[in-house]
Amino acid sequence: EDEQIVAEIMERRFFPDHIAYKTWEGFHFAGHEIRITEATDCYGAVVWPSALVLCYFLETNAKQCNLVDKNVIEIGAGTGLVSIVASLLGAFVTATDLPELLGNLQYNVLQNTKQKCKHQPCVKELSWGIDLEKNFPRSSCHFDYIMAADVVYHHPFLDELLLTFDHLCKNDTVILWAMKFRLENENRFVDRFQTLFDLEMISNFPSLNIALYKAMRKGRMKA
């Protein structure tokens, strides 16, 4: 079953028939052809399999996880694929990442959502753990969903990432997080994450070493 679903997910990806001026990959999600321009010299500007897993879940669970008119933020949006799919499914999306990635992110979001979405998504800088209250004040920012794909890997900002999840998450916010397990660091982060949030694995793909989680603040999952 794992391999069958993984094959279906990967079939959503296609490539240009000829060499293009810019490197891009194509994807079929939410009834649209999505073209993602990549920058192969940067980790944050490449589409990773965790993003495909999350997009596939959003599309195939659109009734249970109804995004229409929901307020969604993606952290570590990278190329913007997850944000684009969430937008096409009717959400009002804020796609965030580091300042050096915003140009490519903005380009992809605009090219794939303009005049196609109920709500035009916005792109905003978010450096984990920095100026959170200034840029995303708790009093006025309320997100129904926080989405993240492949934000946990061997980098020195895991403390800041956890702080960011904590700041953005209200009592009724749902976190959807796709994660590829690589090193022991990932397991330790999951343990720390669970001190603040209840965590439920909703999909597991051993052939990709990727798990998809749903999380909410402690005590709120069944509230």
Side-chain angles (χ1 to χ4, degrees), residues 2 43-44 47-58 61 64-65 67 70-83 85-86 91 93-98 101 124-133 135-138 141-223:
D2 165 49
Y43 279 132
V47 177
W48 299 102
S50 292
L52 302 187
V53 167
L54 182 48
C55 289
Y56 181 82
F57 172 83
L58 295 177
N61 293 272
Q64 304 96 308
C65 181
L67 296 183
K70 295 298 194 299
N71 203 8
V72 172
I73 186 168
E74 184 186 5
I75 61 174
T79 60
L81 180 61
V82 172
S83 289
V85 172
V93 177
T94 302
T96 70
D97 215 314
L98 297 169
L101 297 175
K124 191 170 180 179
E125 176 185 342
L126 173 53
S127 300
W128 298 337
I130 298 175
D131 292 332
L132 293 174
E133 182 59 29
N135 296 323
F136 299 90
R138 289 180 188 268
C141 286
H142 182 282
F143 297 105
D144 299 295
Y145 289 92
I146 299 170
M147 297 188 184
D150 232 357
V151 294
V152 179
Y153 51 91
H154 187 62
H155 62 71
F157 305 108
L158 294 178
D159 290 343
E160 290 82 357
L161 175 60
L162 188 59
L163 184 66
T164 301
F165 273 123
D166 185 40
H167 180 84
L168 296 173
C169 190
K170 296 288 199 297
N171 282 341
D172 58 348
T173 302
V174 175
I175 298 170
L176 294 175
W177 168 28
M179 173 172 161
K180 182 177 179 68
F181 287 83
R182 299 179 178 88
L183 300 166
E184 188 58 31
N185 260 8
E186 283 87 337
N187 295 320
R188 287 200 295 270
F189 183 84
V190 171
D191 291 340
R192 294 178 56 207
F193 185 88
Q194 289 181 286
T195 65
L196 298 175
F197 303 99
D198 289 325
L199 193 63
E200 175 190 351
M201 183 186 291
I202 52 179
S203 297
N204 186 30
F205 302 99
S207 62
L208 295 174
N209 211 23
I210 291 172
L212 177 60
Y213 293 105
K214 173 184 175 182
M216 294 185 76
R217 282 210 173 276
K218 281 284 187 184
R220 300 298 300 184
M221 191 79 86
K222 297 178 181 179

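Residues satisfying the side-chain contact (heavy atoms from CB on, under 4.5 Å) test with Leu199, not counting sequence neighbours, are Trp177, Val190, Phe193, Gln194, Tyr213, Ala215. Qualifying side chain to side chain donor-acceptor pair (under 3.5 Å) partners for Asp172, counting only residues two or more places apart in sequence or in other chains: His142. With sequence neighbours excluded, no residue satisfies salt bridge (Lys or Arg N to Asp or Glu O under 4.0 Å) with Arg138. Evaluation of the salt bridge (Lys or Arg N to Asp or Glu O under 4.0 Å) rule for Lys218 yields Asp198 as partners, not counting sequence neighbours. For Asn204, there are no side chain to side chain donor-acceptor pair (under 3.5 Å) partners two or more places apart in sequence or in a different chain. Under the side-chain contact (heavy atoms from CB on, under 4.5 Å) criterion, Leu163 pairs with Leu132, not counting sequence neighbours. Annotation: side chain to side chain donor-acceptor pair (under 3.5 Å) contacts of Asp159 (sequence neighbours excluded): Arg192. Remark: Asp2 pairs with no residue by the salt bridge (Lys or Arg N to Asp or Glu O under 4.0 Å) rule, at least two apart or across chains. Scored by the side chain to side chain donor-acceptor pair (under 3.5 Å) test, Tyr56 finds Glu8 as partners (sequence neighbours excluded).
Contact of the Phe189 side chain with the Met179 side chain is not registered, since no non-hydrogen atoms from C-beta on lie closer than 4.5 Å. The closest side-chain heavy-atom distance from Leu168 to Leu126 is below 4.5 Å. No side-chain heavy atom of Lys180 sits under 4.5 Å from any side-chain heavy atom of Pro49.
From Leu81, atom CG reaches atom CG of Leu54 across 9.0 Å, with rounding to the nearest 0.5 Å. Residue Glu160 holds its CD atom at 7.5 Å from CD1 of Ile130, rounded to the nearest 0.5 Å. In this structure, Asn135 CG and Ser127 OG are separated by 8.5 Å, a value rounded to the nearest 0.5 Å. Taking CG of Asp97 as the start and OG of Ser83 as the end, the distance is 9.5 Å to the nearest 0.5 Å. Atom CG of Leu158 is separated from atom CH2 of Trp128 by 8.0 Å, given to the nearest 0.5 angstrom. Expressed to the nearest 0.5 Å, how far CG of Leu162 lies from CZ of Phe157 amounts to 15.0 Å.
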Next item on the list: Under the side-chain contact (heavy atoms from CB on, under 4.5 Å) rule, what do Leu176 and Leu58 come out as? Steps first, then yes or no, please.
Entry: CA-CA 10 Å; Leu176 294 175; Leu58 295 177; 3.9 Å; yes

Checklist line | Evaluation steps, side-chain contact (heavy atoms from CB on, under 4.5 Å), between Leu67 and Met147 | finding: CA-CA 12 Å; Leu67 296 183; Met147 297 188 184; 4.0 Å; yes

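Screening residues 70-80 for salt bridge (Lys or Arg N to Asp or Glu O under 4.0 Å), with sequence neighbours left out, gives no hits. Identified under the salt bridge (Lys or Arg N to Asp or Glu O under 4.0 Å) test for residues 201-215, with sequence neighbours left out: none.
A pairwise comparison of heavy atoms in Ala149 and Val82 identifies CB-CG2, 4.4 Å as the closest pair. For the residue pair Val72 and Ala91, the shortest heavy atom distance occurs at CG2-CB, 3.8 Å.
Of the residues Phe197, Tyr145, Phe143, the one that meets the side-chain contact (heavy atoms from CB on, under 4.5 Å) test with Ile175 is Phe197. None of Thr94, Val93, Thr164 except one satisfies the side-chain contact (heavy atoms from CB on, under 4.5 Å) rule with Ile73; the exception is Thr94.
Residues Asp144 and Lys170 are not paired through a salt bridge, judged by the lack of any N-O separation under 4.0 Å between the basic side chain and the carboxylate.
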